[in-house]
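First up is the structure itself, then whatever we jot down about it.
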Amino acid sequence: MRATIVGAGIAGLTAALALARHGIDVEVFERAQVLKEAGAGLQLSPNATHALASLGLLPGLQKIGFEPQSAEVYRASDGVLLLANPLGATARARWGAPYLQVHRSDLQALLLAALKEYRRVSIHLGEEVAGALSDHKSAYVQMKSGRLVASDFALGCDGVRSVVREALFGKESLQFTGQVAWRGVVATDDLPRGLIPPKAVVWTGPERHFVHYYVSGGRAVNFVGVVEQDWHHEGWTTPGDPDQLQQEFSDWPDEVRHLCAAVRQPFRWALYGRPKMTQWTKGRISLLGDACHPMLPFLAQGAAMAIEDAVVLANRLKVLEDPTLALKAYFSARIERTAKVQAWSRRNARLFHLPGPAAGLAFSAARIADRMTGSDPLDRMEWLYGYEAL
Ligand SMILES: Cc1cc2nc3c(=O)[nH]c(=O)nc-3n(C[C@H](O)[C@H](O)[C@H](O)COP(=O)(O)OP(=O)(O)OC[C@H]3O[C@@H](n4cnc5c(N)ncnc54)[C@H](O)[C@@H]3O)c2cc1C
């Protein structure tokens, strides 16, 4: 069986590896001339590390990752702790896989190194895809150069502005959320010693919030600061003005101010909402990752969902040899879960930006409910982190 993959992001590379492990020949077409991930971190919750472990990547992940002790939410105005979920050994014991924080380029390098083991996987760089279609025999991917590549099936892993999605289902409708994410990575040595705790931390405030956590084994700190603002550019590599970033968070806690002051080049990303798709598969072509379920980054699950997609799809292809049936089965297995994650991400966008007293009330209601029902706060995450991609 031969597959064509459009896009060599996290979805495309993970899918290539998952398919290659099942003996499928894979050609990946990526429009970038060089594969280098924009400097940014990713939180990989146990559902994602479990799926990556099934591809043999756990030892490598443990080398590149940082395991936080806990995830904590604070109110920025007075430093009150609103929520604390233990991670570290607790997460490992509960879910059988670690919660890790990684640099995107480290994860990309790990996937590429694993793919080198498979001679029947080829990655073509500088190849922009212009469209895709399929008939009863083959899937066809059309290059911008005019070349047509035929295979048994094709996967659109080409991100939020997917041309494969557009070719299959027409123009998308998208809506600006009014929110802009500032992001950056700072070397730990450039920060006051001990300032950043070994935890995933969210600071909340009216109309903005700020997240920070270690990546690259603790040698760097990744941050994302979301502000409500009328600015509309969506892209990983759009630089932002460091002075403007400092002004946005000038009266926030020390950790936030030091990170904003230390970053050499922050980037900005306008956040768009997109409705749930009702179909991802047409004939011999399907979509994975942000191409079919782009989500706001407030549950840290976009890459995790792309990774799960890849493993589930490869397993369907193993069981159902007809790719049209396997692609349909993959869609049925994934649609409800990814839609729920999209909805929770939207809900967190509102929760994190509530004004002070309302934020306190929202989080304490959850704590009181846990105490009354005797439940562990991690029970609330069971559906998400306890999922095993099969
Ligand atoms: C601020 C922010 C923070 C985030 N934090 C987290 C987090 O902590 N945890 C998490 O799990 N997720 C997080 N995410 C989400 C995550 O980054 C994405 O969901 C994930 O990168 C999607 O991967 P993908 O491969 O589907 O798309 P992409 O990473 O966008 O990859 C698409 C690839 O396709 C290529 N391509 C596009 N068009 C074409 C074409 N026509 N021809 C050929 N190639 C093409 C692109 O060049 C690119 O390489 C975050 C997102 C943002 C914005």
Side-chain angles (χ1 to χ4, degrees), residues 4-16 27-45 47-49 51-52 68 71 99-105 107-108 111 123-132 141-145 149 154-167 177 179-185 200 202 210-213 215 222-226 234-238 266-272 287-310 338 341-342 345 384:
T4 309
I5 294 181
V6 183
I10 308 269
L13 293 179
T14 313
E27 278 197 285
V28 182
F29 293 91
E30 164 60 48
R31 73 176 166 199
Q33 299 284 350
V34 187
L35 270 190
K36 63 171 174 41
E37 273 289 0
L42 281 177
Q43 305 197 55
L44 294 177
S45 46
N47 49 312
T49 56
L52 291 168
Y99 191 109
L100 294 176
Q101 296 156 176
V102 299
H103 195 293
R104 293 169 71 94
S105 58
L107 177 59
Q108 187 181 53
L111 288 163
I123 301 178
H124 308 273
L125 300 179
E127 288 270 19
E128 183 160 356
V129 168
V141 167
Q142 167 104 56
M143 300 298 141
K144 213 172 168 195
S145 61
V149 177
L155 304 175
C157 302
D158 47 346
V160 282
R161 296 193 184 267
S162 165
V163 297
V164 179
R165 179 184 57 213
E166 191 171 328
T177 57
Q179 293 172 333
V180 174
W182 285 86
R183 43 180 202 81
V185 180
V202 183
F210 197 96
V211 180
H212 54 74
Y213 53 85
V215 292
N222 180 77
F223 71 81
V224 179
V226 176
E234 189 184 42
W236 280 115
T237 50
T238 309
F267 293 91
R268 280 211 287 175
W269 171 292
L271 297 171
Y272 282 82
L287 305 171
L288 278 83
D290 279 6
C292 50
H293 43 65
M295 54 190 70
L296 299 173
F298 307 135
L299 199 58
Q301 285 293 320
M305 290 302 113
I307 291 164
E308 289 182 4
D309 285 349
T338 53
V341 174
Q342 285 175 304
S345 304
L384 185 58

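Only heavy atoms go into these numbers, but all of them, side chains included; no hydrogens, no water, no symmetry mates. Each ligand, and each atom within it, is numbered from 1 in the order the structure gives.
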- Message: Please confirm whether A32 approaches ligand 1 to less than 4.0 Å, judged on its heavy atoms.
- Response: no
- Per-atom contacts, ligand 1 versus F29 - under 4.0 Å to a heavy atom: 43 (C), 44 (N)
- Query: N/O to N/O below 3.5 Å, does that happen between A11 and ligand 1?
  - Reply: yes
- Message: I'd like to know if the side chain of R165 reaches the main chain of D158, judged simply by a donor and an acceptor atom lying under 3.5 Å from each other, with no hydrogens or angles considered.
- Response: no
- Note: P294, heavy atoms under 4.0 Å from ligand 1, region reported as neither
- Item | Per-atom contacts, ligand 1 versus Y213 - under 4.0 Å to a heavy atom | 8 (O)
- Item | Sub-4.0 Å heavy-atom approach of R104 to ligand 1 | yes
- Item | Contacting atoms of ligand 1, where contact means under 4.0 angstrom from a heavy atom of G289 | 26 (O)
- Task: Return yes if a side-chain donor-acceptor contact under 3.5 Å exists between S45 and Q301, otherwise no.
- Result: yes
- Is there a heavy atom of E127 sitting under 4.0 angstrom from any atom of ligand 1? yes
- Item | Partners meeting ring pair (Phe, Tyr, Trp, His ring centres under 6.0 Å) with W269 (sequence neighbours left out) | W236
- Item | Atom indices of ligand 1 within 4.0 angstrom of G159 heavy atoms, with elements | 27 (O), 30 (O), 32 (C)
